[in-house]
Amino acid sequence: MKSAGIYLHIPFCTVKCIYCDFYSIETGDNSISRFINSLVKEINEYEIESNDWVFNTMFFGGGTPSLLKAKHIETILEALNKKYDISNIKEITVEVNPGEASLESLKDFRTLGINRLSIGVQSLEPNLLKFLNRIHSTDQIFETYDNSRSVGFENINCDLIYSIPGQSWEVWEKNLNAIINLNPNHISAYTLTLEKGTNLYRMVKNKKVTMPQNSQTAEWFLKTNEILNAKDYQCYEISNFAKENFKCEHNLNYWRIHPYLAFGPSAHGFDGNKRWNNIRSLDHYLKQIESGNSPISMVEALTKKDLSNELIGFGLRMDEGINLENIPSQFLNKFNKNLKRSLKKWDNCIDIKNNRISLSHAGMIYSDAIAVDLML
């Protein structure tokens with residue numbers, strides 16, 4: 001039996017952040033009701049062979065899923081429960097923006113069985129929040145966190161971004177320590193990256209904004225790791241740090257190449273052999289569902305070589321690394337040749353232990369390049 005996840009993409013945002021390339025739209029309550037009806041219909045009508053899967057995680061992402069009312073989430077959970085065996089799910093995450101989930105909403109979410117929150121903090125500095133087009137205040141960050149604890153959430157992640165234009169190391173270190181002092185169970189610390197199609201990408205292209213140098217980002221990455229590790233946050237994936245027993249199980253399903261279902265516009269799914277994604281447009285998604293058609297816009301069948309390369313690429317992002325037993329025997333010679341060359345090229349970056357290959361902290365800086373060198 002394989003562990004598997006369920007992902008639900010909720011595409012609504014109050015405003016669009018300048019760096020975000022996930023599909024989202026600014027909308028009102030009218031679209032939400034219609035969307036919920038279509039999402040439930042997609043769940044009811046989707047057919048997949050999942051008898052040998054054990055669903056252990058569910059993730060409401062977006063967008064801003066916390067804009068949904070509890071009754072909407074309850075309707076989605078009821079539809080999933082009728083269609084699939086979700087009795088083994090141990091982690092249900094909802095992404096929350098500070099100031100956009102009331103105490104009452106958080107209480108309702110917890111009552112529904114949601115047991116993990118991911119709070120989009122990003123920064124504690126008003127000027128940086130404004131630059132990122134985040135509409136919450138610093139006070140709302142602490143209020144949302146305190147409210148979440150008060151209603152019984154025992155598993156909370158805080159998202160943070162560093163290497164933001166105009167951000168000094170002193171400011172980042174101060175923000176990071178302030179969040180550490182809150183004692184969340186998990187911290188995701190991401191470097192700000194340029195994604196095509198975002199406002200930030202256009203601003204950089206038009207020379208209105210200059211991104212920090214790669215050398216600075218690499219230095220901050222190592223120093224951030226040191227600070228978090230010293231506070232008992234294990235770096236189990238390049239950008240993710242967890243207290244003991246609080247790794248994000250849903251993301252581990254992705255990184256370990258386990259299957260997952262996906263519902264909602266732009267959602268991506270994987271059944272162990274093929275990947276697919278839904279239409280990246282709410283209007284087209286709604287029209288397809290309401291007319292009885294599939295919202296899937298692309299299906300890609302993966303070969304054994306494709307899956308092996310994904311195993312390498314995702315494996316190197318995690319501290320557990322690549323289990324060599326999972327690489328098919330027909331590719332081992334090629335892989336070992338690549339590994340031999342890479343050990344010489346990437347000195348002190350690659351560790352080999354107990355039939356597993358992983359990267360040192362220094363190696364994590366070059367993970368993408370090392371993965372390319374190791375791929376088949």
Side-chain angles (χ1 to χ4, degrees), residues 12-22 24-26 61-67 95-102 117-149 156-184 186-228 231 233 238-241:
F12 307 110
C13 280
T14 306
V15 297
K16 183 79 172 177
C17 301
I18 65 167
Y19 57 86
C20 180
D21 71 329
F22 292 107
S24 65
I25 58 169
E26 299 174 12
T64 310
S66 57
L67 291 177
E95 292 181 334
V96 173
N97 278 343
E100 295 190 73
S102 67
L117 294 182
S118 183
I119 302 176
V121 174
Q122 316 315 358
S123 177
L124 298 177
E125 302 300 311
N127 62 317
L128 295 180
L129 289 171
K130 184 177 180 181
F131 170 75
L132 296 171
N133 210 28
R134 304 290 291 179
I135 59 172
H136 63 262
S137 67
T138 304
D139 287 344
Q140 286 174 321
I141 292 168
F142 296 110
E143 181 185 19
T144 299
Y145 183 89
D146 290 343
N147 285 344
S148 300
R149 288 299 194 200
I156 297 177
N157 167 63
C158 289
D159 273 354
L160 292 167
I161 298 176
Y162 63 100
S163 278
I164 304 170
Q167 182 186 41
S168 67
W169 169 256
E170 289 73 24
V171 163
W172 166 242
E173 185 178 28
K174 182 184 73 172
N175 284 188
L176 182 59
N177 282 317
I179 294 300
I180 289 171
N181 289 338
L182 287 177
N183 200 32
H186 188 287
I187 294 175
S188 296
Y190 301 102
T191 57
L192 184 63
T193 55
L194 279 182
E195 303 289 351
K196 285 187 177 180
T198 63
N199 283 339
L200 179 61
Y201 183 86
R202 288 186 282 272
M203 291 162 73
V204 171
K205 188 176 180 182
N206 294 332
K207 299 184 178 178
K208 293 181 179 179
V209 170
T210 301
M211 294 294 288
Q213 296 292 313
N214 289 339
S215 57
Q216 176 193 297
T217 300
E219 179 189 354
W220 287 25
F221 171 83
L222 292 174
K223 290 163 75 173
T224 297
N225 269 259
E226 289 175 10
I227 291 170
L228 286 163
K231 297 294 184 178
Y233 287 94
I238 286 178
S239 303
N240 288 276
F241 304 79

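- Side-chain contact between Trp172 and Lys223 is absent, with no heavy-atom pair separated by less than 4.5 Å.
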Can I get a per-line list of side-chain donor-acceptor pairs under 3.5 Å for residues 205-221, giving both atom names and the distance, sequence neighbours left out?
| residue | atom | partner | partner atom | Å |
| --- | --- | --- | --- | --- |
| Asn206 | ND2 | Arg202 | O | 3.1 |
| Thr217 | OG1 | Ser163 | OG | 3.1 |
| Thr217 | OG1 | Gln213 | O | 3.4 |

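- Side chains of Val121 and Phe142 form no contact here, defined as non-hydrogen atoms less than 4.5 Å apart.
- Between the CG atom in Leu67 and the SG atom in Cys13 there is a gap of 7.0 Å [rounded to 0.5 Å].
- Across all their heavy atoms, Gln140 and Ile135 have their closest contact at OE1-O, 4.2 Å.
- For residues 186-208, the set of pairs meeting the ring pair (Phe, Tyr, Trp, His ring centres under 6.0 Å) definition, not counting sequence neighbours, comprises His186-Tyr236.
- When all heavy atoms are compared, the tightest approach of Leu192 to Pro165 is CD2-CD, 3.6 Å.
- The nearest pair of heavy atoms linking Thr198 to Cys20 is CG2-O, 3.4 Å.
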> Which is it for Phe131 and Met203 under the side-chain contact (heavy atoms from CB on, under 4.5 Å) test, yes or no, and what are the steps along the way?
Replying inline: CA-CA 11 Å; Phe131 170 75; Met203 291 162 73; 4.0 Å; yes
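- Separating the CG atom in Leu176 from the OH atom in Tyr162 is a distance of 9.5 Å, to the nearest 0.5 Å.
- With hydrogens and angles ignored, the 3.5 Å screen pairs a side-chain donor or acceptor of Glu95 with a backbone N or O of Gly62.
- Judged as a ring-ring contact (aromatic ring centres under 6.0 Å, His included), and not counting sequence neighbours, Phe241 has no contacts.
- For Tyr145, the side-chain hydrogen bond (donor to acceptor under 3.5 Å, both in side chains) test picks out Arg149, with sequence neighbours left out.
- Of all heavy-atom pairs between Val96 and Ala101, the closest is CG1-CB, 3.7 Å.
- Side chain of Asn175 to main chain of Leu124: a donor-acceptor pair is present (N/O by atom type, distance under 3.5 Å, no hydrogens or angles).
- Scored by the side-chain hydrogen bond (donor to acceptor under 3.5 Å, both in side chains) test, Thr64 finds Asn97 as partners (sequence neighbours excluded).
- Applying the side-chain contact (heavy atoms from CB on, under 4.5 Å) test to Asp146 and every residue at least two apart in sequence or in another chain returns nothing.
- Residues passing the side-chain hydrogen bond (donor to acceptor under 3.5 Å, both in side chains) test with Lys16, sequence neighbours excluded: Ser24.
- Checked by atom type and distance alone, the side chain of His136 never pairs as donor or acceptor with a backbone atom of Leu129 at under 3.5 Å.
- Two residues are said to be in side-chain contact when any heavy atoms from C-beta on lie closer than 4.5 Å; Ile227 and Ile180 meet this criterion.
- The number of heavy-atom neighbours closer than 6.0 Å to NZ of Lys231, taken from other residues, nucleotides and ligands shown, is 12 or below.
- Cys17 and Asn133 get closest at one heavy-atom pair: CA-CB, 4.2 Å.
- At distances below 3.5 Å, not a single donor-acceptor pair connects side-chain atoms of Ser239 with backbone N or O atoms of Ser188.
- Lys130 meets the salt bridge (Lys or Arg N to Asp or Glu O under 4.0 Å) test with no other residue; sequence neighbours excluded.
- With sequence neighbours excluded, the residues satisfying salt bridge (Lys or Arg N to Asp or Glu O under 4.0 Å) with Glu125 are Lys174.
- Taking the side-chain hydrogen bond (donor to acceptor under 3.5 Å, both in side chains) definition, one finds that Ser118 meets it with Asn157, sequence neighbours left out.
- To the nearest 0.5 Å, the span separating CG on Leu228 from CG on Asn177 amounts to 8.5 Å.
- In the displayed structure, Phe22 atom CZ is contacted under 6.0 Å by at most 12 heavy atoms of other residues, nucleotides or ligands.
- Atoms CG and CG, on Leu132 and Asn199 in that order, are 12.0 Å from each other to the nearest 0.5 Å.
- How far CZ of Arg134 is from CD1 of Ile161: 7.0 Å, rounded to the nearest 0.5 Å.
- From Ile187, atom CD1 reaches atom CD1 of Ile119 across 11.5 Å, with rounding to the nearest 0.5 Å.
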